[in-house]
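Here's the structure, in structure tokens; my notes come after.
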Amino acid sequence: MNIANKTVFITGANRGIGRALVNEALRRGAKRVYAGTRSALQNADNRVTPVTLDVTSVSQIQRAVGEVVGPLDVLINNAGVAIYDDLSNLDVIEQHLAVNFLGLLKVTHAFLPLLRRSKGAIVNNLSLAALAALPVIPAYSISKAAAFNMTQSLRALLANQGVKVHAVVLGPVDTDMNRGFDIPKASPESAARGIFDGLEKGEEEIFPDSASQSIAEGWRTGAAKALERQFAAFVQQDPA
Ligand SMILES: NC(=O)c1ccc[n+]([C@@H]2O[C@H](COP(=O)([O-])OP(=O)(O)OC[C@H]3O[C@@H](n4cnc5c(N)ncnc54)[C@H](OP(=O)(O)O)[C@@H]3O)[C@@H](O)[C@H]2O)c1
């Protein structure tokens with residue numbers, strides 16, 4: 001899908017990768033970018049519509065859907081939290097699941113009617129930690145693994161309805177989220193370019209940075225991807 005002239009909704013759009021995605025969508029000629037944020041957002045570009053959105057609030061999600069005027073082509077589920085833990089505190093696990101998993105699913109459900117109408121796309125910003133646990137942030141890893149698994153199911157369930165579902169398998173990116181991690185990181189701007197490049201190429205899994213690209217080929221030709229296709233065939237042979 002080409003972003004030029006398209007309408008895009010991005011959650012967590014006020015900083016980090018979300019903000020870079022807003023700017024990259026504008027650079028690629030998006031017609032309108034809805035920027036979902038928890039606090040007020042300023043953007044000089046008149047193609048940006050700020051929308052108040054905490055992804056854990058069902059009422060805010062419903063209001064956000066109502067603020068979209070006309071068709072919506074792309075939903076980017078970007079909002080996320082990451083807290084260092086050691087799995088000893090169940091509240092921390094619940095917090096991650098509420099935002100990174102259930103929040104993402106609630107937002108997706110709410111926007112689905114619009115995306116079905118436009119035969120649009122859902123882009124879920126996930127992580128290498130979805131594919132293998134990063135044990136310094138295990139609760140985060142669990143939430144991203146759950147969201148990755150959900151993305152695979154949504155892809156199969158929505159295939160007959162013309163809605164494409166993409167998983168972004170992000171490596172480390174230089175944002176507030178991983179300030180404490182002293183490792184090589186991609187810039188948010190280059191990650192955003194990689195995400196839209198992958199979307200424009202129609203990649204099911206998008207590997208937008210050099211760390212994630214290093215496993216792209218292995219993932220695409222591996223047993224887990226082959227199994228995903230095998231399992232998805234059950235849905236596609238017998239549509240609901
Ligand atoms: N940075 C990395 O290395 C990395 C790696 C892999 C995956 N990712 C993923 O990429 C996405 C963006 O991460 P980032 O690095 O840009 O993080 P970030 O700089 O910490 O920004 C997180 C964004 O999510 C928003 N957010 C958090 N909880 C929310 C909620 N309940 N409702 C709505 N918005 C909420 C934040 O809003 P506030 O400003 O209001 O808090 C902020 O806009 C996340 O899903 C993250 O898991 C990042």
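In this chain, numbering begins with 1 at the start of the sequence shown. Order of appearance sets the numbers: ligands from 1, and atoms from 1 within every ligand. Only this structure's heavy atoms are used, side chains among them; waters, hydrogens and symmetry mates stay out.
Between Ile76 and Thr11 the shortest side-chain heavy-atom distance does not fall below 4.5 Å.
Using modelled atom types and a 3.5 Å distance limit, the side chains of Thr37 and Ser39 yield no donor-acceptor pair.
Under 4.0 Å is where a charged nitrogen must lie from a carboxylate oxygen, and between Glu204 and Lys164 no such pair does. The existence of a salt bridge linking Glu24 and Arg28 is confirmed by a sub-4.0 Å separation between a basic side-chain nitrogen and an acidic carboxylate oxygen.
Among Thr11, Asp176, Asp54, the residue whose heavy atom lies nearest to atom 31 (N) of ligand 1 is Asp54. For atom 5 (C) of ligand 1, the choice among Ser127, Ala82, Gly171 with the nearest heavy atom turns out to be Gly171. Of all the listed residues (His96, Lys185, Arg15), Arg15 holds the heavy atom that lies closest to atom 36 (C) of ligand 1. When the heavy atoms of Lys144, Met177, Gln95 are ranked by distance to atom 13 (O) of ligand 1, first place goes to Met177. Remark: among candidates Ala129, Ser212, Ala79, the nearest residue to atom 26 (N) of ligand 1 is Ala79, based on non-hydrogen atoms. Nearest-residue assignment for atom 9 (C) of ligand 1 (options Ile61, Asp209, Ile10, Leu170; heavy-atom criterion): Leu170.
Within the structure, the closest approach of Pro172 to ligand 1 falls below 4.0 Å when heavy atoms are considered. Val81 counts as a contact of ligand 1, since one of its heavy atoms falls under 4.0 Å from the ligand. Within the structure, the closest approach of Leu128 to ligand 1 does not fall below 4.0 Å when heavy atoms are considered. Contact analysis leaves Phe181 out of contact with ligand 1, as no non-hydrogen atom separation drops below 4.0 angstrom.
In Thr175, the part holding a heavy atom less than 4.0 Å from any atom of ligand 1 is the side chain.
Ligand 1 places these atoms under 4.0 Å from at least one heavy atom of Leu53: 32 (N), 33 (C). Of all atoms in ligand 1, numbered sequentially from 1 with element shown, those under 4.0 Å from a heavy atom of Asn125 are 45 (O).
Any N or O atom pair closer than 3.5 Å counts here, and Asn78 shares at least one such pair with ligand 1. Taking only nitrogen or oxygen atoms, main chain and side chain alike, Thr56 does not reach within less than 3.5 Å of ligand 1.
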*Before giving the answer on salt bridge (charged side-chain N to carboxylate O under 4.0 Å, His left out), spell out for Lys225 and Glu228 the whole-Å C-alpha distance, their side-chain angles and the decisive distance to 0.1 Å.*
CA-CA 5 Å; Lys225 190 69 193 170; Glu228 179 195 336; 3.0 Å; yes
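Both Val99 and Phe148 sit in one connected hydrophobic cluster of ILVMFWY residues. Membership requires side-chain heavy atoms under 4.5 Å apart, directly or through other members.
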